[in-house]
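All values reported here derive from a predicted model rather than from experimental measurement. Quick note: numbers below take in every heavy atom, side chains included, and nothing from hydrogens, waters or symmetry partners.
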Amino acid sequence: MVCINSNSFLLLATFILISSSFSPRCHGENTQFPHRHAMHSEGMTDLGGHGVVFLETGRSVLENGDSERNPSLILAAKRTKRIDPLHHFKHYKGGWNISNRNYFSSVGFTAAPLFLISAFWFLGFGMYLLIICFRHCCSQRQHYVYEKKSNALSLSFLVLFTTATIVGCVVLYTGQGKFHSSTTSTLEYIVKHKNSTVQNLKNVSNYLSTAKQLGVDQYFMPSNVQANIDNIQIKINASTTFLEEKKDSNPDRIQHVLDSVQLALIIIAAVMLLLSLTGFFCSVVNLQLLVYILATIAWILVAGTFILCGVFLLLHNVAADTCVAMNEWVQHPTARTALDDILPCVDNATAQETLAQSKDVTFQLVNVVNNFITNVSNKNLPTQAKLEPSVSYNQTGPLVPVLCNPYQPNKTRRVCEAGEVDFNNAAQEWNKYICEVSADGICTTPGRLTPKHYNQMSTAANVSSALYHHGPFLVDLQDCSFVRRIFTDIIKDHCPGLRRYSEWICIGLTMVSSAVLLSSIIWISYTRLKRGKEYIRQYADMPSQDSLQLQKGMKK
């Protein structure tokens with residue numbers, strides 16, 4: 001059984017991928033999922049491998065959005081229109097919603113025929129076995145009938161159903177192997193993106209913390225920018241801490257479920273195959289007692305296997321609904337849906353605010369470096385000023401190039417000018433302007449940067465570069481661009497294979513349970529025919545009076 005934690009999207013996503021494998025053909029619906037390419041915001045840097053955060057606390061990783069401004073959308077509305085037993089057997093119209101018991105009631109009703117078959121089989125065949133046992137134990141006279149045509153027909157059916165069981169077991173075993181490998185790889189895909197996002201959130205928090213304390217000589221970040229860093233850092237750290245507490249247990253729990261499902265299916269395939277072959281052998285050699293024992297075992301196992309078929313069909317329907325819901329959400333990511341409670345999305349205003357703060361920190365940090373270069377290192381001060389250590393440290397030589405600021409004062413994009421160094425080559429270029437210093441920190445050779453100043457400037461440039469590249473990641477995360485890409489990948493790359501392999505499991509379980517069901521009936525009837533044949537042989541060797549009594553007994 002696959003357990004669903006409706007408050008954990010990691011569990012949900014893996015459940016989607018486990019059960020999304022169930023092809024719509026299992027219940028006669030043809031569902032197509034259009035493939036959509038990843039959507040990138042203009043000007044954003046794709047860092048590749050950041051992933052998406054799955055939270056239990058609502059739509060937002062950093063802040064909840066204003067949902068009232070967005071229209072509502074019922075996901076998979078047409079597909080989920082099913083009979084709902086909890087609503088007086090009327091049609092369910094709420095769409096995909098794993099937190100709605102009526103949704104699960106309606107989707108569970110689709111597996112009702114298999115559950116009914118299991119119940120009818122359990123009761124009907126149980127009564128049949130009970131009657132045979134009663135007649136065998138309580139009746140003094142056994143009644144047998146033998147016909148050559150019936151014997152040949154029963155043997156043919158016995159061979160046919162045994163062969164069908166073997167084929168079904170092969171399909172089931174093959175399907176479960178591919179199904180397990182597919183679900184495991186899908187789980188690894190989700191966990192990789194989740195852990196990558198956790199690490200990137202931690203990196204952003206660390207970069208912001210470092211930027212707040214950075215300075216070059218006497219130049220530091222403005223106090224209001226430092227306050228903004230504190231505010232956004234609190235939100236990021238809260239989300240990161242929550243994810244750190246959750247990220248280790250869920251994948252192990254899900255993998256344990258996958259391993260348990262695999263083991264259960266292997267055992268079912270092996271037991272059913274052994275039962276079918278043993279029943280065939282005992283029927284052919286006419287071991288009546290063993291046949292009745294095997295039929296009793298088959299009676300219980302077939303009932304359980306039909307229940308398992310129903311469970312897999314139920315999971316298929318939920319998963320297929322989820323694939324449709326994901327695809328519809330990808331096309332309408334701003335609409336209010338049942339996915340909003342488990343997706344890390346916020347409104348555009350919050351996303352833009354986060355990006356604006358990230359841009360502001362980058363802009364101010366570059367200004368700190370450039371202010372020092374312009375006002376201190378590149379100043380040719382008179383001799384008397386050189387006596388002031390806070391103003392001069394005997395800097396001489398070619399002027400130090402300033403750092404290219406990627407933003408204008410209004411935080412729009414800016415093109416680097418000639419003579420400026422960018423984040424990629426700043427440290428390498430500034431290394432050319434380092435001077436040797438005395439114990440007092442005064443340059444003793446030509447140069448405009450002391451090793452201390454160089455280290456401070458290089459650190460500031462590195463942190464600015466990191467924030468510049470991670471800022472779009474935060475917005476990409478918040479406006480659900482990453483979720484869209486993950487859902488698109490799941491729909492395009494993972495769902496088809498999983499659906500195909502779980503369909504094999506569905507077909508295999510159906511073939512095995514049906515074939516063993518019919519085989520168990522043939523075991524008993526064929527054994528009784530064989531017993532009748534033996535009685536006829538005995539009848540040919542009996543005295544006439546005994547033969548007459550036996551003949552009368554067989555006619556009754």
Side-chain angles (χ1 to χ4, degrees), residues 203-230 233 357-409 414-471:
N203 291 341
V204 169
S205 178
N206 292 336
Y207 288 136
L208 288 173
S209 179
T210 302
K212 177 184 173 182
Q213 303 173 9
L214 277 180
V216 181
D217 202 43
Q218 73 270 28
Y219 294 91
F220 294 93
M221 298 276 288
S223 58
N224 65 317
V225 177
Q226 295 183 18
N228 291 337
I229 290 176
D230 290 335
Q233 199 172 11
Q357 292 181 2
S358 176
K359 289 181 178 180
D360 192 36
V361 172
T362 302
F363 176 82
Q364 295 295 344
L365 199 54
V366 173
N367 280 347
V368 167
V369 175
N370 288 341
N371 285 338
F372 171 77
I373 293 175
T374 303
N375 298 326
V376 178
S377 65
N378 285 349
K379 285 289 186 180
N380 293 316
L381 300 176
T383 304
Q384 59 271 23
K386 295 182 180 180
L387 301 178
E388 298 292 336
S390 60
V391 178
S392 174
Y393 44 90
N394 196 31
Q395 59 268 41
T396 58
L399 299 181
V400 179
V402 296
L403 180 62
C404 174
N405 200 321
Y407 301 115
Q408 300 283 359
R414 175 182 176 274
V415 180
C416 295
E417 298 179 357
E420 296 181 335
V421 294
D422 59 23
F423 294 134
N424 296 324
N425 64 351
Q428 182 179 358
E429 289 296 323
W430 288 338
N431 188 61
K432 302 175 183 177
Y433 300 90
I434 299 177
C435 66
E436 296 182 4
V437 296
S438 64
D440 298 331
I442 304 300
C443 287
T444 58
T445 60
R448 292 186 174 273
L449 298 176
T450 67
K452 177 182 177 181
H453 294 150
Y454 171 78
N455 290 334
Q456 292 174 337
M457 292 167 57
S458 298
T459 302
N462 290 337
V463 173
S464 299
S465 175
L467 289 175
Y468 174 73
H469 289 97
H470 279 80

### Task
Could you tell me whether Lys452 and Asp217 make a salt bridge, using a distance below 4.0 angstrom between a side-chain N and a carboxylate O?
no
### Query
Are any non-hydrogen side-chain atoms of Val437 and Tyr393 less than 4.5 angstrom apart?
no
### Query
Any side-chain heavy atom of Lys212 within less than 4.5 Å of one from Asp230?
yes
### Query
Would you say Leu214 and Met221 make side-chain contact, with heavy atoms under 4.5 Å?
no
### Query
Would you say Arg448's side chain and Ser377's backbone share a donor-acceptor pair under 3.5 angstrom?
yes
### Task
Report the residue from Val402, Val216, Leu449 that forms a side-chain contact (heavy atoms from CB on, under 4.5 Å) with Ile373.
Val402
### Message
Using only atom types and a distance under 3.5 Å, with no angle test, would you say the side chain of Asn394 pairs donor to acceptor with the backbone of Ile442?
### Response
no
### Task
Drop me the distance from Asn431's CG to Ser458's OG, to the nearest 0.5 angstrom.
8.0 Å
### Closest non-hydrogen atom pair between Glu420 and Glu417, with its separation
OE1-N, 3.0 Å
### Query
Looking only at heavy atoms, what is the nearest atom pair of His470 and Asn203, with distance?
NE2-CB, 4.4 Å
### Message
Do Arg414 and Cys404 make a side-chain contact, defined as non-hydrogen atoms from C-beta onward lying under 4.5 Å apart?
### Response
yes
#### Entry: For Gly447 against Cys435, the heavy-atom pair lying closest together
CA-CB, 3.7 Å
### Task
To the nearest 0.5 angstrom, please state how far the OH atom of Tyr219 sits from the CD atom of Gln456.
12.5 Å
### Message
If I take atom CG from residue Leu208 and atom CD1 from residue Ile229, how far apart are they, to the nearest 0.5 angstrom?
### Response
5.5 Å
### Task
List in chain and number order the residues that pass side chain to side chain contact (heavy atoms under 4.5 Å, CB included) with Asp422, two or more places apart in sequence or in another chain; answer none if no residue qualifies.
Asn424, Asn425
### Query
To the nearest 0.5 Å, what is the distance between CE (Met457) and OG (Ser464)?
11.5 Å
### Query
Are the side chains of Val366 and Phe423 in touch, meaning some heavy atoms are under 4.5 Å apart?
yes
### Exam field: side chain Asn228 to backbone Gln357, donor-acceptor pair closer than 3.5 Å
no
### Task
Measure the spacing between CG of Asn375 and CD of Gln218 and express it to the nearest 0.5 Å.
8.5 Å
### Query
What is the minimum heavy-atom distance between Gly215 and Phe220, and which atoms define it?
CA-CD2, 3.6 Å
### Message
Do Thr450 and Ile434 make a side-chain contact, defined as non-hydrogen atoms from C-beta onward lying under 4.5 Å apart?
### Response
no
### Message
On a heavy-atom basis, which atom in Pro401 and which in Val421 lie closest, and how many Å separate them?
### Response
CG-CG1, 3.8 Å
### Task
Answer with yes or no after comparing the ring centroid distance for Tyr407 and Tyr468 against a 6.0 Å cut-off, counting only values under it.
yes
### Message
Would the distance check show the side chain of Asn370 and the main-chain N or O of Leu403 forming a donor-acceptor pair, the cut-off being under 3.5 Å?
### Response
yes
### Approximate separation, where rounding is to 0.5 Å, of Tyr207 OH and Ser465 OG
8.5 Å
### Residue list, salt bridge (charged side-chain N to carboxylate O under 4.0 Å, His left out) with Glu436, at least two apart or on another chain
none
### Task
Taking the side chain as every heavy atom from C-beta outward, state whether Trp430 and Val369 have any pair of such atoms under 4.5 Å apart.
yes
### Query
Quick one: does His453's side chain get under 4.5 Å of Val376's, heavy atoms only?
no
